[in-house]
Structure formats: structure tokens, C-alpha cells
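Here the structure is laid out as C-alpha cells; the discussion comes afterwards.
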Amino acid sequence: MSLKYFLILPLILLLTACSSDPVSNPELRHAQELLQNQPDSVGVAARILNSLSPDSLSEGDRNLLSLLKIKADDKLYVTHTSDSLILAVVNYEKKHQDRGFYPEALYYAGRVYADLGDYPESTKYYEKSLEIIPSNKKNDPLRFRVLYHLAWNLTTQCLYASADSISLKAILVAENMNDRYRQAISYELMGNSQLNRRQYPQALSSLSKAKRIFKEISSPDTLTTIIQIAFIQGKQGNLKEALYNIKRIEPQVDSVWLPLFLPMAAEIFLRNGDYQEAREAACRLLKLHDFSNRQIAYQILLNPDMELFLDPDSCVSLSREYASELASHYARRDSIQTINQQSVYNYAVHERNRIEAEKRLMKWEWAGITTFIALLILIIILLIRERNNNRKTILLQKTILDLTERLSQSEENNCREEDIDLSDKNDTAQEKKDDRKKESEKLLSRLIPLISGDAPDIQIEIPLASSDIVRKFRDNIVKNKLSHEDWQYLEQEVRKYSPDFRNNLSLLSNGTIEESEYRVALLIRCHFRPSEIGYLLNIKPGTVSSHRGNISKKIFGRNIGTRLIDRVIKSL
């Protein structure tokens with residue numbers, strides 16, 4: 001029962017955390033729902049937001065209040081004039097991304113900078129928002145808004161090719177939402193960017209799709225598409241249809257659409273030879289404050305075909321006004337260009353600093369990883385050494401225990417043999433056997449401190465090392481020209497310092513040592529290295545190790561290791 005409780009409790013806590021509402025104030029939540037689900041109630045939501053006191057809200061609700069106020073102003077077409085409020089919201093939501101408002105905060109940061117005219121900074125925030133918007137259908141409305149305004153932003157910066165690709169993505173999201181209006185405005189935006197690139201067939205196709213959808217849903221935005229379609233038709237030389245469309249929609253055009261209608265209508269009238277109507281449209285265009293429209297009006301009025309409708313004084317006056325307008329425009333453009341260049345430079349500096357910071361962080365990470373790996377390798381080496389030392393200690397202890405048991409068993413055998421009938425003692429062979437056992441026992445008892453490390457290592461005797469026969473062996477390591485007599489001379493030289501060397505080796509191995517193994521032991525006694533032994537015997541170093549292992553097994557019943565068997569052989 002207790003196990004089930006511990007399994008269920010974390011699940012309950014997880015569900016509680018997942019279902020927690022980031023908005024605690026009910027009025028704030030109501031305003032949020034109005035802005036999100038009821039576009040016609042933006043004014044009501046704005047009044048609710050303005051009635052709330054930030055001091056009475058939690059920190060999270062205060063930041064959401066700021067975000068919703070910016071959202072309401074944007075929906076009410078209130079131009080944003082400062083970025084301080086939205087930046088505070090972005091910084092807070094970046095630290096609390098679990099609330100789910102961070103992508104929308106980035107989107108409205110892009111809207112604010114677009115209103116401020118800082119289009120590179122606006123583009124950066126739109127792209128950041130696109131990167132982190134969760135890929136589910138619930139977030140498609142936000143994704144569409146970001147894509148649409150990003151495409152509009154790129155069109156404003158004359159990045160028409162990029163705007164086309166983003167508009168296409170917006171169209172796909174709108175189709176996924178089954179939202180016909182959003183499809184239409186996306187096609188219209190794509191047609192606008194294609195029109196600016198003078199890709200008239202593609203622009204006409206996109207705008208025609210937008211017109212058809214607008215007509216199907218009975219939207220008034222059809223006027224804008226008809227105006228642009230008429231302009232393209234005029235550019236392509238289809239003046240009859242262009243004039244028909246312009247004349248047909250002219251009564252429906254109000255003050256909102258005049259900045260789009262008048263320049264296109266004036267150019268169509270001029271191309272068709274309707275100079276009086278072109279002049280009237282251009283004069284109305286001069287009353288607007290937008291430079292691009294006024295520039296078109298001056299160009300139409302000062303067109304050589306319009307000379308009959310303007311007296312010389314009016315032409316001079318218009319020329320001076322146009323020159324003054326151009327000078328003022330270029331001065332403003334230089335100022336705006338300086339601001340844009342400064343923004344681009346600041347962004348480049350920021351990117352360089354970010355890359356440098358990432359490089360430094362990566363260096364620290366690699367240093368940490370390298371240090372960790374080095375420490376891990378060191379620990380593994382120490383553990384392996386410790387294990388090997390423990391293993392050697394266990395082997396030594398086992399070897400000493402075996403020798404002790406052999407000595408005890410020999411003593412028991414001697415005691416039993418003393419009780420045997422005296423007649424058996426007359427057997428000479430048995431006496432010799434007993435003598436060999438006693439000598440073997442004495443020799444084994446002498447080896448115990450040597451194996452345990454209590455006795456010092458055997459050092460090479462100076463006379464033996466400098467003897468003629470040993471020097472001859474060393475000189476002939478590679479030549480391999482040793483005779484049977486040379487081995488006899490070497491054995492005689494060894495017997496000068498170890499008279500019982502062969503006998504002791506035979507006693508310990510119970511007479512099982514072979515001639516090849518004896519020669520290996522003889523060379524070990526003279527302190528030859530394994531490689532030298534291999535050259536002298538014309539065998540591989542592995543075979544030398546095999547012989548040493550066989551000697552160890554015949555004496556101790558197991559391989560006690562190279563270092564220990566060498567100490568034993570040198571002590572005989």
C-alpha cells in the first residue's frame with residue numbers, strides 16, 4: 001500500500017503543476033480571454049486593463065498586464081512610441097518561459113520596433129519568436145501573425161524575395177487553420193512584393209487569388225486587390241480593362257484607400273491619354289503627406305504630355321517645390337539610413353560578442369570535460385594498480401600458505417616414518433628418498449622469507465659477471481654460435497658461486513626440470529634479461545616466459561609471477 005502511495009503522489013504533484021494557471025487575477029484573465037477570443041471586444045478589454053492597479057498584482061500578473069496593454073494598443077491601431085515596457089516584459093518572460101507568454105512577448109517586441117522604424121531589430125524579434133513557438137495547431141494564430149508581419153517587414157526593407165518565401169509559409173499556416181481571410185491577405189501581400197519586383201505575371205496571379213477569396217467571403221478588402229490588378233493591367237498594356245476596373249471602384253474608394261488608389265489611377269489615366277483626369281488625380285495626390293505619393297504626383301504633372309494643361313509659371317513653381325521636396329526627403333533618408341546602419345552595426349557587435357562569449361564558454365566546457373576525463377583515467381589507473389597489488393598480495397599469501405602446508409605435511413610424514421619398523425631403515429633407497437625430502441623441506445623453508453619479501457633481492461656477484469664465459473655469452477647474444485662445451489663451462493662457472501644450483505632446482509621440482517628449462521634457469525641465475533635469453537636460445541620472448549612459468553608450476557604448483565620466480569632461481 002505504501003509503495004502505491006509513493007508512486008501516485010509524484011503523479012498528483014506533476015498534474016497539479018501542469019494544470020496551474022499563470023494568471024491569478026480574475027479580471028486580468030477575463031481581459032486576456034477577450035483579447036484572444038473576441039476581437040470586437042478590444043475596447044472593453046482595454047478599459048478593464050486600465051482599471052487594474054499594478055501594485056495590487058503579483059510580479060507575473062504585472063508583466064502580463066503590461067503585455068496585454070501593448071496587445072490592446074496594437075489591436076486598436078495605436079502606434080507604439082517606446083520599447084522600454086516591452087523589453088521589460090521580454091526579459092521577465094524569458095526567465096519564466098514555463099508561463100507560455102515568451103513567444104507572444106517577442107512578437108509584440110517586433111511590432112513595437114516596426115512602429116519605431118527599426119526594421120532590422122523588428123525582424124530579429126520576429127525570427128526569435130518563430131524559433132520557439134510550439135509546433136501545434138493551438139499556436140497557429142500566433143505563428144500566422146508573426147509570419148505575416150515578418151513578410152510585411154521584409155517588404156518594407158525591399159527584401160522582396162525573402163518576403164515571398166515568408167508569405168508562402170503564412171499561406172500554408174492559414175490553409176492549415178482553414179482561415180480564408182488570412183489566406184487572402186497573405187496572397188495580397190505576396191502579390192504586393194512581386195509587384196515591387198516587377199514580376200507582373202506572378203503578381204497578377206497572386207492578387208487574382210486574393211481577389212477571388214475576398215469576393216467569396218464578401219470582404220471590403222477586395223478594393224485593394226482590384227486597384228493593384230488594374231495597375232498591373234496598365235503596365236502590361238491592357239488599358240481597357242485597367243480603366244474599367246479603376247472607373248468601377250472609384251466611387252467606393254474612401255479616404256483610407258486614397259494613398260493607394262490615386263497614384264495608380266493617375267498613372268493609368270496618363271498612359272491612356274486622359275490628361276485632364278490624370279491632372280485631377282495628381283492634384284489630389286499632392287495634398288497627401290506621403291513622399292512617395294507626392295513624388296508620383298510631381299512626375300505626372302511635370303510630364304511633357306501635360307504641358308497643355310499647365311502654364312509655364314505653374315511648371316516652374318512645381319519644379320521648385322519638387323526640388324525642395326527631394327532635398328528634404330534625401331536629408332530625412334540619410335538620417336534614417338544612419339539610424340538603420342547604426343542598428344545593423346549594433347546588431348553585428350552584439351552577434352560578435354555573443355559568438356565570443358559562446359567560444360569562451362565552450363573553452364571552459366572543454367577544459368572541464370578534459371579535466372574530468374583526466375581525473376577519471378587517473379582514478380581508473382589507481383584502481384587497477386590497487387587491484388593488481390591486492391592480487392599479488394593474495395598470490396603471495398597463497399604461495400606461502402602452500403609452502404607451509406608442504407612443510408607441515410613433510411614433518412608429519414617424517415614422524416610417521418620414525419614409527420616404522422627398524423628393518424625398513426636398512427633400505428638404502430628409502431634412506432636416500434628420506435634425505436631428499438629433508439633437503440627439499442629445508443630449501444622450501446629458506447624460500448618463504450624470500451617470496452614474502454622479508455629477504456633482500458639477490459645481487460649479481462661481481463666475479464661471476466666479469467667471468468670470461470659470461471662475457472662470451474653476452475658477446476654471442478646475436479651471433480648464436482654457442483657450443484655444448486660453452487654451456488658446460490657456464491654451468492661450471494655458476495657452480496663456483498652456487499655449488500648446489502642444479503641439485504636444488506631438481507629437489508624443488510622433484511626432478512621434472514627439462515634441459516631447455518634448466519638452461520633458461522641457468523641464464524636467469526647469471527642475470528641475463530629475457531630478450532637476451534631469447535637470442536641465446538634462439539627462441540621467442542614468449543617462449544622464455546612460458547619456460548619460466550613451467551619452472552614455477554613444477555616448484556610451487558602455480559605460476560607465482562616473473563619477479564618472484566627469478567628471485568627464487570637466483571637464490572638457489
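Judged by distance alone, the side chain of Ser122 and the main-chain N or O of Gly110 form a donor-acceptor pair under 3.5 Å. Judged purely by atom type and a 3.5 angstrom limit, Asn139 has no side-chain atom pairing as donor or acceptor with the backbone of Leu142. When atom types are taken as modelled, the side chain of Glu33 and the backbone of His30 share no donor-acceptor pair closer than 3.5 angstrom. In this structure, the side chain of Asp74 does not engage the main chain of Ile70 through any donor-acceptor pair within 3.5 Å. The backbone N or O of His80 lies less than 3.5 Å from a partner atom in the side chain of Asp115, making a donor-acceptor pair. With hydrogens and angles ignored, the 3.5 Å screen pairs no side-chain donor or acceptor of Asp140 with any backbone N or O of Met177. Without hydrogens or angle criteria, Ser66 side chain to Val89 main chain gives no donor-acceptor distance under 3.5 Å. Although no hydrogens or angles enter the test, the distance criterion places no donor-acceptor pair under 3.5 Å between the side chain of Asp83 and the main chain of Ile86. Arg385 places no side-chain N or O within donor-acceptor distance of the main-chain N or O of Ile380, the cut-off being under 3.5 Å. Looking at Thr123, its side chain does come within 3.5 Å of a backbone N or O of Tyr119 through a donor-acceptor pair.
Between Lys124 and Glu121, at least one side-chain N (NZ, or NE/NH1/NH2) sits under 4.0 Å from a carboxylate O, which counts as a salt bridge. Under the 4.0 Å criterion applied to side-chain N and carboxylate O atoms, Arg197 and Asp164 are assigned as salt-bridge partners.
Remark: Arg284 CZ is loosely packed, at most 12 non-hydrogen atoms of other residues, nucleotides or ligands lying under 6.0 Å away. With a 6.0 Å radius and a threshold of 12 heavy atoms from other residues, nucleotides or ligands, Asn178 has its CG atom at or below the threshold.
Across Thr225 and Ala210, no two heavy atoms sit closer than the pair CG2-CB, 3.9 Å. Closest approach of Ser167 to Ala151, counting heavy atoms only: OG-CB, 3.4 Å. Between Ala282 and Ala266 the shortest heavy-atom distance is N-CB, 4.4 Å. Taking every heavy atom of both residues into account, Ala31 and Ile48 meet most closely at CB-CG2, 4.0 Å. Across all their heavy atoms, Leu76 and Ala46 have their closest contact at CD1-CB, 4.2 Å. Residues Lys75 and Leu35 approach most closely at CE-O, 3.6 Å, considering heavy atoms.
Using a 3.5 Å distance cut-off with no hydrogens or angles, the side chains of Ser193 and Gln199 do not pair a donor with an acceptor. Using a 3.5 Å distance cut-off with no hydrogens or angles, the side chains of Gln194 and Gln202 do not pair a donor with an acceptor. One side chain, Tyr108 or Arg145, offers a donor N or O that lies under 3.5 Å from an acceptor on the other. For the residue pair Glu188 / Ser206, no side-chain donor-acceptor distance below 3.5 Å is found, with atom types taken as modelled. Checking Asn245 against Arg248 by side-chain atom types alone, a donor-acceptor pair falls below 3.5 Å.
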Please test Gln228 against Asn192 for side-chain hydrogen bond (donor to acceptor under 3.5 Å, both in side chains), starting from the C-alpha separation and ending with a verdict.
CA-CA 8 Å; Gln228 294 180 84; Asn192 183 264; 3.1 Å; yes
For a side-chain contact (heavy atoms from CB on, under 4.5 Å) check, start with the C-alpha distance between Ser58 and Asp61, then their side-chain angles and the critical distance, and finish with the verdict.
CA-CA 5 Å; Ser58 64; Asp61 284 358; 3.5 Å; yes
When you look at Ile171 and Glu175, which way does the side-chain contact (heavy atoms from CB on, under 4.5 Å) test go after all the steps?
CA-CA 6 Å; Ile171 292 170; Glu175 289 176 351; 3.7 Å; yes
Candidate pair Glu277 and Leu270, rule side-chain contact (heavy atoms from CB on, under 4.5 Å), full reasoning:
CA-CA 8 Å; Glu277 292 183 359; Leu270 181 63; over 6 Å; no
side-chain contact (heavy atoms from CB on, under 4.5 Å) for Lys71 and Glu104? Distances and angles first, verdict last.
CA-CA 9 Å; Lys71 185 175 182 178; Glu104 192 171 25; 2.9 Å; yes
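Counting heavy atoms from C-beta outward, Phe261 and Ile246 have side chains that approach closer than 4.5 Å. Using a 4.5 Å heavy-atom threshold, the side chains of Ser208 and Tyr187 count as separate. In this structure, the side chains of Phe214 and Tyr181 come closer than 4.5 Å at one or more pairs of heavy atoms. Between Leu243 and Asp274 there is a side-chain heavy-atom pair separated by less than 4.5 Å. Using a 4.5 Å cut-off on side-chain heavy atoms (C-beta onward), Ile185 and Tyr148 make contact. Under the 4.5 Å side-chain criterion, counting only non-hydrogen atoms from C-beta, Arg279 is in contact with Gln276. Two residues are said to be in side-chain contact when any heavy atoms from C-beta on lie closer than 4.5 Å; Gln233 and Leu239 fail this criterion. Looking at heavy atoms from C-beta onward, Pro120 lies in side-chain contact with Gln157 at the 4.5 angstrom threshold.
Taking CG of Leu49 as the start and CG of Leu68 as the end, the distance is 5.5 Å to the nearest 0.5 Å. Here the straight-line distance linking atom OG1 of Thr371 with atom CG of Leu376 works out to 12.0 Å at 0.5 Å rounding. Here CZ of Arg29 is found 12.5 Å from CG of Leu34. Values are rounded to the nearest 0.5 Å. Taking OG1 of Thr81 as the start and CG of Leu116 as the end, the distance is 7.5 Å to the nearest 0.5 Å. If you take OH on Tyr244 and NZ on Lys247, they are separated by 13.5 Å, rounding to the nearest 0.5 Å. Rounded to the nearest 0.5 Å, atoms NZ (Lys540) and OG (Ser531) are 16.0 Å apart.
Partner of Leu195 under the side-chain contact (heavy atoms from CB on, under 4.5 Å) criterion, chosen from Ile232, Leu204, Ile229: Ile232.
A ring-centre distance under 6.0 Å is not found for Tyr125 and Tyr107.
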